[in-house]
Amino acid sequence: MSDTMRPETLDQLRDAVAWAVAEETPLEIVARGTKRGLGRTMQTDHTLDTSAFSGISLYEADELVMSAGPGTMLAEIEAALAAQNQQLAFEPGDWGPLLGQPAGMGSIAGIFACNIAGPRRLKAGAARDHILGFKGVSGRGEIYKAGSRVVKNVTGYDLPKLFCSAYGTLTVASELTFKVLPAPEKTYSVLILGLDDATAASAMALAMTSPHEVSAAAHLPAGITAGFGVSYVREAGAAVTAIRVEGPGPSVEHRCRELRALLAGFGQVEELHTHNSLRFWRELADVAPFAARPDMQLWRVSVAPLSGPVVAAALPDATYYFDWAGGLVWLGLPPAPNAHADAVRAAVAATGGGHATLIRAAADVRATVPVFQPQDAALAALSRRVKDSFDPRGVLNPGRLYPGA
Amino acid sequence: MQMPEPDKAILARRAEIVAALRDIVPGEGVIDAPEEMKPYESDGLTAYRTLPLIVVLPSTTAQVSAILRYCHENQVKVVPRGAGTSLSGGALPLADGVLLGLGKFNRVLDIDYDNRCAVVQPGVTNLGITAAVQDRGFYYAPDPSSQIACTIGGNVAENSGGVHCLKYGLTTNNVLGVEMVLIDGTILRIGGKHLDAEGYDLLGIIIGSEGLLGVVTEVTVRILQKPAVARAVLLGFPTSESAGNCVGAIIGAGIIPGGMEMMDRPAIHAAEDFVHAGYPRDVEALLIVELDGPAVEVDHLIERVEAIATANGAVYNRISQNEAERLNFWAGRKAAFPAVGRISPDYFCMDGTIPRRRLPEVLTRMTELSQYYGLGVANVFHAGDGNLHPLILYDANKPGELQKAEDFGADILRLCVEVGGVLTGEHGVGVEKRDLMPAMFTEIDLKQQQRLKCAFDPDGLLNPGKVFPQLHRCAELGRMHIHRGQLPFPDLPRF
């Protein structure tokens with residue numbers, strides 16, 4: 001059982017890291033801890049808990065900016081934004097239930113540190129595209145800051161981007177500053193029923209290359225639709241391909257009509273209006289179909305959009321669906337000691353590029369199977385040097401990403 | 001502005017270095033005659049000029065790799081250069097450094113409409129990407145004013161923005177992958193046609209690194225379908241405060257325009273005298289608000305913007321009725337820099353960003369500074385994101401005026417930081433804002449950034465003298481002072 005430190009001031013946070021540096025003892029860094037099961041399995045005797053750094057410290061809606069402590073709940077942030085008709089445009093989901101944790105308990109630091117983004121990623125970017133700055137403590141035990149609170153800034157290296165997807169291996173944040181955006185007035189979805197994967201990819205590509213500003217495109221094969229809350233989808237009894245448009249009312253209605261006409265040749269077309277659309281895409285952001293299947297090992301694959309169906313076709317035992325117009329594949333597989341890593345990564349490699357992450361598997365599996373896409377020697381060496389430049393003694397979440405990083 | 005003293009040992013070895021580079025890049029790719037190197041002596045920041053040691057113009061990634069490996073082994077400094085349009089001196093040559101020009105990397109390698117991306121070489125111009133994809137209705141979104149000349153490689157180095165970046169993002173939000181060569185010659189591929197690389201977000205660090213981390217030899221960019229319609233509205237206000245309030249109210253109403261630009265009275269007059277765009281002369285601030293998207297959306301939003309403007313005291317209001325008129329509205333704004341060039345022998349273009357609501361106070365203090373220094377200033381402003389471009393008017397032929405202009409500019413940027421903003425929104429630090437970095441960052445902040453550079457370039461050979469006010473050796477930066485045995489705050493809650 002690891003010993004937990006829960007500092008309450010920035011100086012205490014620094015002292016905790018400096019102590020670990022002096023003792024050369026690695027720390028597990030957590031905010032709310034709901035994503036502890038993500039990443040490689042680590043061995044640490046001490047946990048550094050940043051949940052005391054909680055709360056929104058700055059929110060200026062008309063400046064499109066918010067700052068919050070790392071332990072601030074995503075749910076609290078979303079509620080504050082909703083009160084001003086705003087949102088996090090990268091649409092982060094709640095992965096709590098997906099990872100065997102309660103819903104609604106995840107922190108904003110977890111969202112940024114793991115660079116989580118939902119269906120709107122393909123139009124609005126990921127967490128990394130919305131972070132503006134941070135304050136915190138490096139693995140050297142030094143307080144520092146990077147970035148700023150303004151949305152346009154090229155002063156110095158873009159360290160805030162490096163914070164995202166570093167899984168807490170470079171810096172312990174004490175405050176995060178990020179961009180917020182208006183929420184759309186209306187959200188409609190065009191549904192096409194009964195398409196096979198490759199045809200769906202073509203339909204999504206056609207929608208994405210239209211001028212109708214599609215903000216999400218997903219394809220759910222027939223087997224996976226049963227778990228959805230929206231009855232249209234749950235009871236479709238066939239594959240569902242969904243295309244989303246958002247914005248001012250007249251524009252959404254117009255684009256929805258245009259998309260229905262554009263896609264009519266592919267099959268039967270239905271539409272979801274705002275209430276059902278919001279529910280449906282929220283379930284996709286939360287990866288709900290696989291939260292409901294905790295028995296499966298789960299992979300998240302990012303490839304070029306048209307390559308998604310190619311990856312799925314190479315894995316006959318997989319249960320899957322596509323987001324990001326085909327570019328994001330969620331793959332569930334029956335548990336295996338090697339988590340089918342070789343087969344999954346071979347399927348990705350065969351498409352010419354991309355990466356596969358083992359999102360969910362037992363701790364012993366994540367201790368031996370490379371959770372993140374293996375890097376070539378040059379990239380791995382550079383990544384280690386980057387780690388050393390922030391955390392030379394390897395005290396922050398060592399080994400969470402790769403051996404040594 | 002001081003650059004590091006040239007290394008005499010390197011200067012003495014010039015002939016040998018030229019010969020070695022000619023072995024790597026045969027023919028006309030190595031330039032060593034001073035008169036032929038003259039076009040490379042400065043970039044868009046023409047106040048500073050230096051002849052490089054040698055200019056080398058490779059045409060393959062293998063050549064770039066061999067050049068960098070040679071320079072690394074021989075401890076020769078390297079300054080990468082795209083089209084040389086940088087406004088911050090990012091491509092200012094070093095007298096003891098090789099200038100590595102990427103102009104020959106000018107091919108579009110792959111256009112993949114179905115995956116909505118294009119793979120291009122770094123010497124392709126920003127507008128050249130759009131030209132290559134526009135027959136299918138696509139474009140590349142970031143649009144710096146220099147887009148006709150600037151290259152995508154330079155855009156990657158500087159994380160360039162443009163008037164549409166509030167809605168469509170900066171370079172960093174529109175690049176999916178790069179091929180890059182490190183100083184030791186290692187060739188890396190980061191990202192590709194997929195989203196979000198695994199592991200550390202090296203792409204995020206490389207973009208905007210001002211040529212200090214590596215040399216990019218290939219870029220994969222996102223391409224977007226052109227909006228169906230764009231319309232612009234010109235709004236005139238009696239005060240910059242009312243214009244600023246209008247901008248806040250538009251965004252507060254949930255509208256993110258494709259572009260939202262502000263000009264102050266001196267800029268309005270200079271632009272109007274130059275291009276006759278039809279701007280009103282009797283207002284203190286002019287906004288150009290452009291809305292793009294489906295016609296039905298644009299019509300709907302333009303009505304709402306008009307209503308918001310009226311409520312915020314707009315005294316002038318004109319909506320573009322056709323494409324020619326829309327382009328005419330922009331012609332004045334896009335010509336603002338040369339227009340100011342007509343009313344002053346020289347001008348300095350600044351680039352700070354501020355929290356938008358601090359605008360009235362910043363403009364007031366800028367007027368006071370203008371009086372103090374006895375130099376005029378005209379303001380153009382990316383209003384949506386708070387990015388100011390004060391143009392300081394001076395005459396380089398008058399003794400002391402360049403120094404006065406530099407001091408005035410530095411005061412403006414310090415003011416930006418003081419109100420919660422930053423030194424540079426899109427032009428980069430380069431040499432221009434290098435010495436001001438301590439106004440925004442502590443020594444620890446800056447040293448952490450420099451340690452990251454050490455991970456890429458441990459000998460500090462790539463573009464030294466830019467961005468960081470003080471050069472530190474990586475060994476020195478790596479040292480740690482450790483106080484062993486201290487218990488961390490015994491009163492801390494522990495579980």
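Lettering of chains follows the sequences in order, A, B, ..., and the numbering in each one begins at 1.
A:Ala356 touches chain B through its backbone: at least one of N, CA, C or O sits under 4.5 Å from a heavy atom, while the side chain does not. In this structure, the portions of A:Asn153 lying under 4.5 Å from any heavy atom of chain B include both its backbone and its side chain. With a 4.5 angstrom heavy-atom cutoff, A:Leu328 does not touch chain B via any of its atoms. Contact of A:Pro392 with chain B is made through the side chain alone, with heavy-atom distances under 4.5 Å. Within the 4.5 angstrom heavy-atom criterion, only side-chain atoms of B:Cys165, from C-beta onward, approach chain A. Looking at B:Arg434, neither its backbone nor its side chain comes within 4.5 Å of chain A, counting heavy atoms on both sides. Both the backbone and the side chain of A:Glu63 come within contact range of chain B, with heavy atoms under 4.5 Å apart. Only the backbone of A:Ile143 comes within less than 4.5 Å of a heavy atom in chain B; its side chain stays farther off. Contacts of A:Thr209 with chain B are made by both backbone and side-chain atoms, with heavy-atom separations under 4.5 Å. B:Leu182 touches chain A through its side chain: at least one heavy atom from C-beta onward sits under 4.5 Å away, while N, CA, C and O do not. Interface remark: B:Leu224 contributes no atoms to any contact with chain A (heavy atom separation under 4.5 Å). For A:Glu185, the part lying under 4.5 angstrom from a heavy atom of chain B is the side chain only. Looking at B:Asp114, both its backbone and its side chain come within 4.5 Å of chain A, counting heavy atoms on both sides. Neither the backbone nor the side chain of A:Phe163 comes within less than 4.5 Å of any heavy atom of chain B.
Ranking A:Gly147, A:Ser148, A:Pro182, A:Ser138 against chain B, the residue ahead of the rest is A:Pro182, based on heavy-atom pairs under 4.5 Å. Per-residue heavy-atom pair counts under 4.5 Å with chain A were compared for B:Asp112, B:Ile256, B:Leu170, and the maximum is reached by B:Ile256. Here B:Pro294 is the residue among B:Gly208, B:Gly252, B:Pro294, B:Ala253 with the most heavy-atom pairs under 4.5 Å with chain A. Comparing B:Arg222, B:Gln450, B:His427, B:Arg304 by heavy-atom pairs within less than 4.5 Å of chain A, the highest count is held by B:Arg222. Of the listed residues B:Thr186, B:Thr172, B:Val429, the one with more heavy-atom pairs under 4.5 angstrom with chain A than any other is B:Thr172. Contact count versus chain A (heavy atoms, under 4.5 Å) is highest, among B:Gly386, B:Gly199, B:Ala228, for B:Gly199. Taking B:Gly352, B:Pro355, B:Gly420 one by one and counting their heavy-atom pairs under 4.5 Å with chain A, the maximum is reached by B:Pro355.
For A:Ser383 against B:Tyr200, the heavy-atom pair with the smallest separation is O-CE1, 3.4 Å. Shortest non-hydrogen contact noted between B:Gln449 and A:Gly156 is OE1-CA, 3.3 Å.
Of the possible donor and acceptor atoms, none in the side chain of B:Thr424 sits under 3.5 Å from a partner among the backbone N and O of A:Thr155. Checking side-chain atoms of A:Arg140 against main-chain N and O of B:Gln448 turns up no donor-acceptor pair under 3.5 Å. Checked by atom type and distance alone, the side chain of B:Thr353 pairs as donor or acceptor with a backbone atom of A:Lys152 at under 3.5 Å. In this structure, B:Arg356 contributes its side chain and A:Asp62 its backbone to a donor-acceptor pair below 3.5 Å. Here the side chain of A:Ser302 pairs no donor or acceptor atom with the backbone of B:His194 at under 3.5 angstrom. For B:Gln225 (side chain) and A:His212 (main-chain N/O), no donor-acceptor pair under 3.5 Å exists by modelled atom type. Counting only distance, with no hydrogens or angles, the side chain of B:Asn115 and the backbone of A:Leu306 share a donor-acceptor pair below 3.5 Å. Judged purely by atom type and a 3.5 angstrom limit, B:Asp385 has no side-chain atom pairing as donor or acceptor with the backbone of A:Val151.
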Problem - side chain to side chain contact (heavy atoms under 4.5 Å, CB included) between A:Arg121 and B:Leu195, worked out - result: CA-CA 9 Å; A:Arg121 167 68 184 94; B:Leu195 296 171; 3.7 Å; yes
Practice task
Begin with the C-alpha distance, continue with both residues' side-chain angles, and end with the deciding distance and a verdict on side chain to side chain contact (heavy atoms under 4.5 Å, CB included) for B:Arg451 and A:Asp388.
Solution key: CA-CA 9 Å; B:Arg451 280 185 203 103; A:Asp388 286 348; over 6 Å; no
Practice task
For salt bridge (charged side-chain N to carboxylate O under 4.0 Å, His left out), just list the numbers for A:Lys161 and B:Asp201, CA-CA rounded to whole Å, side-chain angles, deciding distance to a tenth of an Å, and then say yes or no.
Solution key: CA-CA 6 Å; A:Lys161 287 215 168 45; B:Asp201 190 354; over 6 Å; no
Handout entry: salt bridge (charged side-chain N to carboxylate O under 4.0 Å, His left out) evaluation trace for B:Glu297 with A:Arg255
Key = CA-CA 10 Å; B:Glu297 176 172 326; A:Arg255 285 182 285 149; 3.7 Å; yes
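Contact check for B:Leu188 versus A:Leu382: side-chain heavy atoms found under the 4.5 Å cut-off. In this structure the side chain of B:His300 never reaches within 4.5 angstrom of the side chain of A:Ser251, judged on heavy atoms. Between A:Leu159 and B:Ile205, some side-chain heavy-atom pair lies under the 4.5 Å cut-off. The shortest distance between side-chain heavy atoms of A:Val150 and B:Ile354 does not fall below 4.5 Å. Side-chain atoms of A:Tyr157 and B:Glu210, non-hydrogen and from C-beta on, never get closer than 4.5 Å to each other.
Separating the CG atom in A:Leu162 from the CG atom in B:Leu203 is a distance of 11.5 Å, to the nearest 0.5 Å. Rounded to the nearest 0.5 angstrom, A:Lys145 NZ and B:Phe441 CZ are separated by 6.5 Å.
Other residues, nucleotides and ligands place no more than 12 heavy atoms under 6.0 Å from the NZ atom of A:Lys135.
In this structure, a donor-acceptor pair under 3.5 Å is present between the side chains of A:Thr357 and B:Glu198.
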